[in-house]
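Counting starts at 1 for both ligands and their atoms, following the listed order. Scope of the values below: all heavy atoms of this structure, side chains included, with no hydrogens, waters or symmetry mates.
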Amino acid sequence: MLNLVLFGPPGAGKGTQSEKLIKKYNLIHLSTGDLLRSEIAAGTELGLRAKQLMDQGLLVPDEVVIGMIDNKLRENQSVAGFIFDGFPRTVPQAQALDELLSHYNTQITVMIALVVDDEELTRRLLLRGQTSGRPDDSNEDLIRRRVKEYNDKTTPVADFYNRQDKFTAIDGIGNIDEIFEAICSKIEQAATKAG
Ligand code: AP5
Ligand code: MG
């Protein structure tokens, strides 16, 4: 299986690149942010609880997102692989993901980080906020809070994969198709290495 973690701060382009990658490699896209927004749209209790944190730019509890990923892995067996987008976002989530994948005799192939500076992230998210309706895109303070949450809690996840020799980073600024090509070449290198 090809199991990718697409990593990077809010607005780095994880969702944009995932859409292209799932077509090329025939993968299942698992975005915990999208899954949580579906729960909110459906008005579930989980969604209502998550919304309070998401609207403040804060992470939801680990067990909530780990449970959602667990369900999705169980629902999607015999597939070519997965793209994890916006997950894992803490070291305990990364540990849980390794454990879950081991039940299916598989593992993460590679983590690819999209590197984008804070100024560009803010610019992109404020622009998207004009049409997305995402409350967490609505103002600059909230966007900065999301970036701070990423810097405080999520950046250690890169070290977690680096220790497994599975971390790689690329420049996430520039033309979307060129970034996509750079990601694909990283995937092909990693797949060759994994054998
Ligand atoms: P989530 O939905 O994951 O949001 P995020 O990480 O904040 O990232 P975004 O979806 O905003 O950005 P993206 O990297 O996907 O970029 P995109 O492609 O859209 O999480 C939302 C919330 O849910 C969290 O704050 C948290 O509360 C909760 N949550 C989710 N997962 C969780 C977890 N695992 N644990 C705990 N809590 C969790 O691009 C952004 C914009 O830029 C778009 O408008 C796009 O068109 C544009 N763009 C993309 N690429 C380029 C480019 N190369 N040049 C110019 N513009 C570009
Ligand atoms: Mg996204």
Side-chain angles (χ1 to χ4, degrees), residues 4-22 29-41 46-72 82-97 100 111-158 160 169-183:
L4 311 175
V5 178
L6 219 48
F7 192 69
K14 303 181 294 292
T16 303
Q17 296 295 335
S18 291
E19 290 306 318
K20 296 169 74 70
L21 290 164
I22 54 173
H29 182 197
L30 296 182
S31 155
T32 40
D34 289 348
L35 293 171
L36 289 165
R37 283 183 288 276
S38 309
E39 295 281 340
I40 293 172
L46 187 157
L48 289 175
R49 273 187 292 136
K51 182 173 167 49
Q52 302 193 348
L53 292 160
M54 291 168 75
D55 286 358
Q56 298 178 68
L58 301 173
L59 295 186
V60 307
D62 288 337
E63 59 273 17
V64 172
V65 287
I66 292 166
M68 292 194 313
I69 293 290
D70 188 8
N71 290 338
K72 289 289 168 191
F82 296 94
I83 298 185
F84 298 94
D85 158 4
F87 178 91
R89 252 176 155 101
T90 63
V91 170
Q93 290 179 24
Q95 287 164 335
L97 180 59
L100 289 174
M111 167 188 263
I112 300 172
L114 297 169
V115 180
V116 178
D117 62 69
D118 291 4
E119 212 171 307
E120 171 71 3
L121 298 173
T122 310
R123 190 191 69 77
R124 287 184 190 179
L125 294 180
L126 284 174
L127 189 67
R128 186 177 65 184
Q130 294 173 7
T131 53
S132 70
R134 273 181 61 167
D136 59 348
D137 287 345
S138 61
N139 73 67
E140 197 163 332
D141 285 348
L142 253 175
I143 291 168
R144 294 207 185 278
R145 171 100 61 90
R146 286 161 65 195
V147 173
K148 182 175 186 318
E149 190 83 335
Y150 172 83
N151 289 332
D152 292 348
K153 297 182 183 160
T154 305
T155 48
V157 177
F160 179 90
I170 62 165
D171 185 356
I173 296 186
N175 178 282
I176 289 174
D177 288 328
E178 283 171 18
I179 295 168
F180 177 67
E181 290 309 322
I183 295 174

* How far is atom 16 (O) of ligand 1 from its nearest protein heavy atom, and which residue and atom name does that atom have? -> Gly13 N, 3.1 Å
* Structure fact -> For Thr16, the atoms of ligand 1 under 4.0 Å from one of its heavy atoms are 17 (P), 18 (O), 39 (O), 45 (C), 49 (C)
* Any N or O of Arg89 closer than 3.5 Å to N or O of ligand 1 -> yes
* Flag Pro88 as yes when one of its N or O atoms lies below 3.5 Å from any N or O atom of ligand 1, and as no otherwise. => no
* Using side chain to side chain donor-acceptor pair (under 3.5 Å) as the criterion, list what pairs up with Asp177, not counting sequence neighbours. => Lys20
* Structure fact -> protein heavy-atom neighbour closest to atom 52 (C) of ligand 1 works out as Arg124 NH2, 3.3 Å
* Structure fact -> In terms of its nearest heavy atom to atom 26 (C) of ligand 1, the top option of Leu58, Asp171, Val116, Ile66 is Leu58
* **Protein heavy atom at shortest distance from atom 10 (O) of ligand 1** => Arg134 NH1, 3.2 Å
* Asked: Under 4.0 Å from ligand 1, counting heavy atoms only, is it the side chain of Leu114, its backbone, both or neither?
  -> neither
* Contact atoms of ligand 1, heavy-atom distance to Gly174 under 4.0 Å -> 52 (C), 53 (N), 54 (N)
* Taking atom 14 (O) of ligand 1 as the point of reference, which of Lys14, Arg146, Arg128 owns the nearest heavy atom? -> Lys14
* Return the residue, atom name and 0.1 Å-rounded distance of the protein heavy atom closest to atom 29 (N) of ligand 1. => Leu36 CD1, 3.6 Å
* **Enumerated ligand 1 atoms positioned under 4.0 Å from heavy atoms of Gln93** => 33 (C), 34 (N), 35 (N), 36 (C)
